[in-house]
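Reviewing the structure listed below.
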There are 2 protein chains.
Amino acid sequence: MARRNEHTQEELKEMIIAAAEQIVIEQGFSALTARKIAAKVNYTVGSIYMVFTNMDDLITQLKANVLDAITEEMNQLRHVPPAQYLEEMAKTYLQFSSQNFNRWSMIFEHRLPDGNPVPEWYQYKVEEAFQRVEAQFKSLTPSCSDIQIQRAARAIWGGIHGICALSLSNRLNSLDVYDIEGNMVLLVRNFVIGWINSADR
Amino acid sequence: MARRNEHTQEELKEMIIAAAEQIVIEQGFSALTARKIAAKVNYTVGSIYMVFTNMDDLITQLKANVLDAITEEMNQLRHVPPAQYLEEMAKTYLQFSSQNFNRWSMIFEHRLPDGNPVPEWYQYKVEEAFQRVEAQFKSLTPSCSDIQIQRAARAIWGGIHGICALSLSNRLNSLDVYDIEGNMVLLVRNFVIGWINSADR
DNA sequence: ACCTGAACACCGTTCAAGT
DNA sequence: ACCTGAACACCGTTCAAGT
């Protein structure tokens, strides 16, 4: 034992991530433990700490992968006018979060301890998502200042996320995804109508 | 030892809840443990299970208390026209969630295990919050059907919640509460404008 | 009837020791 | 250099035993 050299550190890292993702998908974030991961990849618990500084580090990687998966879905969207594009984004986000509920909710169920700030590269991924929304508002109302555009993007993306969060957490509430999609579209459409018609921006 | 009879079961329950709330406020939800609570109320861990079926039960009580606190804040709101009332609700929710961040985020960081459904009395408290929003839309557009009103309420309340959730979790992002409040108002105001002007409801 | 204390089956994290 | 195994300081939950 010790020094098996069966896998490179990089391979081990990927194996651990894959095993962890499987556990989250099947049993939810709260069921994710270092020992379960180790058993799944056939190493001892200690090995995890060769390639991750701690569980929070590992979980941050998992969360980043989910952000990437969402971005990937958004990249599939076809090119349509901005108002419609925003609706498509909202529907895509809803679809992703309902179809990948355990991975998606991990993003919000996990919080780094107070000392550890969210790493910059992770923040950057979040920013990227916002920029896609900002681009739509920029083409919708080109005369608006950057700050106005930013506000609109944050308001509507917050709104889109919030409908997902409330609807899916209370999802026993006899609301199916189709109904939620209606709320999604309602919010986006009315906000956009208001945004275009309003002098108050 | 054993059989101290210093407190009634009801008193013990309240002491435990109070101690748990203090821990959440000071150290966050993830730092809440049965043993810490027991130490704070000067009983042994086992005693908690005399008055709560398990930690999830206790946490559900804590979450309910937070919902009550939010409702309490909403009850302080003065009587104003519906469009303005919705904005006031949004601002109140933001203020509460930023001033009571650890208690508020507990509501969304904690999830009952898959077998345990959310208790009815808890669901009811959530419904109550929605009804207050529905009432505003009812007086804003009295001719709308109940289902339209419900959709509007869920859309806008989801939106309000989502802006809080995204803004406060990424709150290092150099956005202060005043900026977020601006996004809040922007969302509500534009949605309401859109809602009133739109034939598409 | 109330409460304890100890046990059980778990955690995350560290690190001396082996190859 | 890589990996283990065991330890440490924790968890939630149960329950026989004491008063």
Side-chain angles (χ1 to χ4, degrees), chain A residues 1-17 19-24 26-63 106 109-116, chain B residues 1-17 19-24 26-63 106 109-116:
Chain A
M1 54 197 64
R3 194 131 203 263
R4 302 172 1 180
N5 269 336
E6 290 172 8
H7 308 95
T8 65
Q9 302 289 90
E10 207 48 52
E11 281 170 341
L12 182 57
K13 201 165 182 171
E14 279 166 29
M15 287 163 60
I16 289 171
I17 290 280
E21 265 163 5
Q22 220 186 319
I23 292 167
V24 170
E26 289 168 3
Q27 308 173 45
F29 170 61
S30 67
L32 184 69
T33 73
R35 283 173 162 85
K36 270 190 209 166
I37 297 169
K40 238 184 163 74
V41 297
N42 246 290
Y43 275 75
T44 57
V45 218
S47 305
I48 292 177
Y49 294 83
M50 294 171 12
V51 289
F52 293 100
T53 65
N54 53 34
M55 280 300 280
D56 280 318
D57 178 26
L58 197 167
I59 293 163
T60 303
Q61 296 282 349
L62 292 181
K63 288 166 70 173
M106 171 174 59
E109 284 171 15
H110 174 260
R111 238 207 305 164
L112 254 11
D114 275 359
N116 305 34
Chain B
M1 54 199 64
R3 194 128 203 262
R4 305 172 357 183
N5 268 336
E6 290 172 9
H7 308 95
T8 65
Q9 302 288 91
E10 207 49 51
E11 281 171 342
L12 182 58
K13 202 165 181 170
E14 279 166 28
M15 287 162 61
I16 290 171
I17 291 280
E21 264 163 5
Q22 218 186 321
I23 293 167
V24 170
E26 289 167 3
Q27 310 174 42
F29 170 61
S30 67
L32 183 69
T33 73
R35 282 174 163 84
K36 270 191 208 164
I37 297 169
K40 238 183 166 72
V41 296
N42 246 289
Y43 275 75
T44 57
V45 217
S47 305
I48 292 177
Y49 294 84
M50 292 172 12
V51 288
F52 294 101
T53 65
N54 52 36
M55 281 300 279
D56 280 318
D57 178 26
L58 197 165
I59 294 163
T60 303
Q61 298 282 349
L62 293 181
K63 289 166 69 174
M106 171 174 59
E109 284 171 14
H110 174 259
R111 237 207 306 164
L112 254 10
D114 275 358
N116 304 34

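Since the model is a prediction, treat every value here as computed from it, not as a measurement.
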Show your reasoning for whether side chain to side chain donor-acceptor pair (under 3.5 Å) applies to B:K13 and B:Q61. CA-CA 10 Å; B:K13 202 165 181 170; B:Q61 298 282 349; 5.9 Å; no

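- Between the CG atom of A:N5 and the C1' atom of C:dT19 there is a distance of 11 Å, given to the nearest Å.
- In terms of heavy-atom proximity, A:I48 sits nearest to A:A38 at CD1-N, 4.2 Å.
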Kindly determine whether B:I37 and B:L58 satisfy side chain to side chain contact (heavy atoms under 4.5 Å, CB included), including the steps that lead there. CA-CA 11 Å; B:I37 297 169; B:L58 197 165; 4.0 Å; yes

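- Taking atom NZ of B:K36 as the reference point, atom P of D:dG12 lies 9 Å away to the nearest angstrom.
- One atom, CZ of B:R35, and another, P of C:dG5, lie 13 Å apart when rounded to the nearest Å.
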Pair B:E6-B:E11, side chain to side chain contact (heavy atoms under 4.5 Å, CB included): steps then yes or no: CA-CA 9 Å; B:E6 290 172 9; B:E11 281 171 342; over 6 Å; no

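- Annotated stems with DNA chain D as a participant read C:4-8 with D:12-16, C:12-16 with D:4-8, given as range with range, by first number; only runs of 3 or more Watson-Crick or G-U pairs under 3.5 Å qualify.
- Side-chain nitrogen and oxygen atoms of B:R4 include at least one within less than 4.0 Å of the OP1 or OP2 phosphate oxygen of C:dT4.
- One interatomic measurement links the two molecules: OH of B:Y43 to P of C:dG5, which rounds to 13 Å at whole-angstrom precision.
- The interatomic distance linking A:I37 (CD1) with C:dT13 (P) rounds to 11 Å, in whole Å.
- Two residues are said to be in side-chain contact when any heavy atoms from C-beta on lie closer than 4.5 Å; A:F52 and A:I17 meet this criterion.
- Between B:F29 and B:H110, the two ring planes are perpendicular [angle over 60°; tilted spans 30° to 60°].
- Less than 4.0 Å separates DNA chain D from at least one heavy atom of each of the following residues of residues 47-59 of chain B: B:Y49, B:N54, B:M55.
- Between D:dC3 and A:Q9, a contact under 4.0 Å exists linking OP1 or OP2 to a side-chain N or O.
- Comparing B:H7 and B:V45 by the nucleotide of DNA chain C that holds the closest heavy atom to each, the one mapping nearer the 5' end is B:H7.
- Residues B:K36 and B:K40 fail the side-chain proximity criterion, which asks for heavy atoms closer than 4.5 Å.
- Between A:M106 and A:L62, the closest heavy-atom pair is CE-CB, 3.7 Å.
- One atom, CG of A:L32, and another, P of D:dC11, lie 20 Å apart when rounded to the nearest Å.
- For the OP1/OP2 pair of C:dC3 and a distance below 4.0 Å, the side-chain nitrogens and oxygens of B:T44 include no atom meeting the criterion.
- Shown here for A:L12 and A:M50, the closest heavy-atom pair between the two residues is CD2-CE, 3.9 Å.
- Rounding to whole angstrom units, CD of residue B:E10 and C1' of C:dC2 are separated by 16 Å.
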